[in-house]
Protein chains: 2
Amino acid sequence: MGKQMTEMLKGTLEGIVLAILAVQPAYGYDITARLRERGFTDIAEGTIYALLVRVEQRGLVDVEKVPSEKGPPRKVFTLNERGRGELEEFWRTWSFLAERIEQLHQTDETEK
Amino acid sequence: MGKQMTEMLKGTLEGIVLAILAVQPAYGYDITARLRERGFTDIAEGTIYALLVRVEQRGLVDVEKVPSEKGPPRKVFTLNERGRGELEEFWRTWSFLAERIEQLHQTDETEK
DNA sequence: ACCACTACAAAGTAACACTGAGTACCGGTA
DNA sequence: TACCGGTACTCAGTGTTACTTTGTAGTGGT
């Protein structure tokens, strides 16, 4: 993956995952699959699991072990109240940043 | 500054500064001022100077020392050819990410 | 018995923004 | 003269994050 993308995902990837969980509860392996569907083809599994450990420790999700027919038991993550709060703040922060960057983009374009 | 914003700036702040330099050459202190004008009121000076050292070492900018009437000499940074290339890649990466996140934002909104 | 796919875990690395402190130069004021 | 506010740059140390790599383990098909 490009280095720029790697750096840009820092701070956004967590929000992306929370947003995916907001749509519907999911387990790690499933989340990486959904990310790939949405165009994030190069995100390593290990990255997602590490991120899930963090959000669990911070109490943003509830966890439930569910047996699987094809492999080890699944850890299903559900966004809880705190998680929803965090996600809302993520959208606020994102909107703030995106607006200002888009403004710069326009200025930059017109310079050409 | 909020922790989320701090993390989100990773990978984007460099692009933001390059975009500002694309409009017009500037020195560190000036760049922080322009950032504040554009709404980034909480970005520490030290952060900008460290970033400028990095982009200089990577050869994205040309540097010129210019004496100042009110303080130490200014290090004026001008975006060069490599810097413009990097900036273009930044916009590509940004657009890719922003599109997908906005898509998620919509999905998330309609869920409510 | 082997292999592919599913599913999770963990250690080590690199990159980045922040904090806080420090240096230095100038002009104005008391 | 002595001080202070504004300008301008530097640097060491900290915490967080995503990536890489490797390993473990269960299931089903051939």
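The basis for the numbers below is simple: all heavy atoms, side chains too, and nothing from hydrogens, waters or symmetry mates. In what follows, chains are A, B, ... by sequence order, proteins preceding strands, each numbered from 1.
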If the sugar-phosphate is the primed atoms plus P, OP1 and OP2 and the base is the rest, what is the B/S/- string for nucleotides 17-30 of chain D, using protein heavy atoms under 4.0 Å? BSBB----BBSS--
Just by modelled atom types, is the I43(A) backbone N or O under 3.5 Å from a matching donor or acceptor in the R36(A) side chain? yes
So which atom in Q4(A) and which in F90(B) form the shortest heavy-atom distance, rounded to 0.1 Å? OE1-CA, 2.9 Å
Parallel, tilted or perpendicular: ring planes of W94(B) versus W94(A), cut at 30 and 60 degrees: parallel
Could you tell me from which nucleotide to which nucleotide of DNA chain C, 5' to 3', there is an atom under 4.0 Å from chain A heavy atoms? dT6(C) to dC16(C)
Value in whole Å for how far the P atom of dC9(D) lies from OH of Y27(B): 7 Å
Side-chain heavy atoms of F77(A) within contact of L18(A), under 4.5 Å: no
Look only at the side chain of R74(B) and the backbone of S68(B), and say whether a donor-acceptor pair between them is shorter than 3.5 Å. no
With sequence neighbours excluded, residues passing salt bridge (Lys or Arg N to Asp or Glu O under 4.0 Å) with R92(A): none
Return the orientation label for the F40(A) and F96(B) ring planes: parallel under 30°, perpendicular over 60°, tilted otherwise. perpendicular
Take the protein atom CZ of R36(B) and the nucleotide atom P of dT7(D), then report the distance between them rounded to whole Å. 11 Å
Identified side chain to side chain contact (heavy atoms under 4.5 Å, CB included) counterpart of L52(A) within the set L60(A), V61(A), T47(A), V17(A): V17(A)
